[in-house]
Amino acid sequence: MTRLLLPFGRSRLFSVAALGLLLFLALSGCASTQSDEHADHAAHGLPDNFETTSGPDVLPSFLKDYTDATKTFYSQVYEHADILKELNCYCGCMEYNDPHDSLYRCFIAGVDDDGVHWTDHGANCGICLMELRDAVKLADEGKSVDEIRHHIDTTYGGAAAAS
């Protein structure tokens, strides 16, 4: 029986393949930006779930199913609302029939007398989370809204347009 010689063992090959698959899934984000595919949340299996809490200090219970990093990101949204409302999201959600008007909308649907209306869209979307991570980091570094917008547009806008 002829044995196939690999430059590294089978377990390492499996690990590399698994890592490649995870990287592919993370980089693909929510979906492509083709408007036909995003005509309706339910049409492609990504309905937003909403939960209202009494205020920004009370995170939605749906986050119990997510990582601590995702919870931390959500805890930063309200504090950075003025910046996030000025940023586009490049996952395709701005193309829906009920489009998101900014990156902020990927995490918070609105705030009124009833409290904060959270959405799980951002928790389910790698692109939304990466954009939020970058925006918060740059804001904490003292960057202006224009500088942050430029970074988000150049980093994520080109990738979205190419897909």
Side-chain angles (χ1 to χ4, degrees), residues 19-53 55-111 116-163:
L19 181 60
L21 177 61
L22 287 173
L23 183 60
F24 170 76
L25 292 172
L27 292 176
S28 65
C30 291
S32 71
T33 59
Q34 301 300 315
S35 58
D36 289 345
E37 294 176 22
H38 296 287
D40 186 309
H41 292 270
H44 66 282
L46 294 175
D48 289 356
N49 292 309
F50 299 96
E51 182 176 332
T52 302
T53 65
D57 295 334
V58 181
L59 293 176
S61 64
F62 63 71
L63 288 176
K64 72 181 175 357
D65 298 327
Y66 294 91
T67 65
D68 288 341
T70 299
K71 293 172 191 171
T72 298
F73 289 140
Y74 266 76
S75 72
Q76 298 168 327
V77 171
Y78 190 83
E79 175 186 345
H80 293 89
D82 290 344
I83 294 168
L84 300 176
K85 288 178 180 179
E86 299 296 321
L87 303 176
N88 288 326
C89 180
Y90 289 100
C91 79
C93 63
M94 296 181 88
E95 303 291 326
Y96 293 153
N97 280 344
D98 180 20
H100 294 179
D101 59 357
S102 66
L103 181 59
Y104 175 81
R105 173 58 182 81
C106 297
F107 300 91
I108 296 178
V111 178
V116 178
H117 303 274
W118 302 92
T119 174
D120 70 344
H121 175 87
N124 293 311
C125 182
I127 291 174
C128 296
L129 289 171
M130 289 187 300
E131 286 188 39
L132 175 61
R133 175 203 61 203
D134 290 0
V136 168
K137 178 181 178 285
L138 293 170
D140 290 348
E141 291 174 1
K143 302 293 184 189
S144 70
V145 172
D146 288 338
E147 290 171 311
I148 296 169
R149 183 183 311 106
H150 176 75
H151 170 81
I152 296 297
D153 291 348
T154 57
T155 301
Y156 301 99
S163 60

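All values reported here derive from a predicted model rather than from experimental measurement. Atoms considered below: every heavy atom in the structure, side chains included; atoms not considered: hydrogens, waters and symmetry mates. Along the sequence shown, the residues carry numbers beginning at 1.
The salt bridge (charged side-chain N to carboxylate O under 4.0 Å, His left out) test applied to Asp57 returns no partner, not counting sequence neighbours. With sequence neighbours excluded, the residues that form a side-chain contact (heavy atoms from CB on, under 4.5 Å) with His117 are Thr52, Ala109, Asp112, Asp114. Applying the salt bridge (charged side-chain N to carboxylate O under 4.0 Å, His left out) criterion to Lys137, with sequence neighbours excluded, gives Glu141. Qualifying salt bridge (charged side-chain N to carboxylate O under 4.0 Å, His left out) partners for Asp68, counting only residues two or more places apart in sequence or in other chains: Lys71.
Judged by distance alone, the side chain of Thr155 and the main-chain N or O of Ile152 form no donor-acceptor pair under 3.5 Å. Distance alone, capped at 3.5 Å, places no donor-acceptor pair between the Thr119 side chain and the Asp48 backbone. Between the side chain of Asn49 and the backbone N or O of Asp120 there is no donor-acceptor pair closer than 3.5 Å.
Pairs engaging residues 122-132 under the salt bridge (charged side-chain N to carboxylate O under 4.0 Å, His left out) rule: none recorded [sequence neighbours left out]. Judged as a salt bridge (charged side-chain N to carboxylate O under 4.0 Å, His left out), not a single pair has a partner in residues 76-85 (not counting sequence neighbours).
Looking at Lys143 and Asp134, no side-chain N of the basic residue comes within less than 4.0 Å of a carboxylate O on the acidic one, giving no salt bridge.
Between Tyr74 and Trp118, the ring planes lie tilted relative to each other; the angle falls in the 30° to 60° range.
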Full working for side chain to side chain contact (heavy atoms under 4.5 Å, CB included) between Leu84 and Leu132: CA-CA 8 Å; Leu84 300 176; Leu132 175 61; 3.6 Å; yes
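The neighbour count for Tyr78 OH, taken as heavy atoms of other residues, nucleotides or ligands under 6.0 Å away, does not exceed 12.
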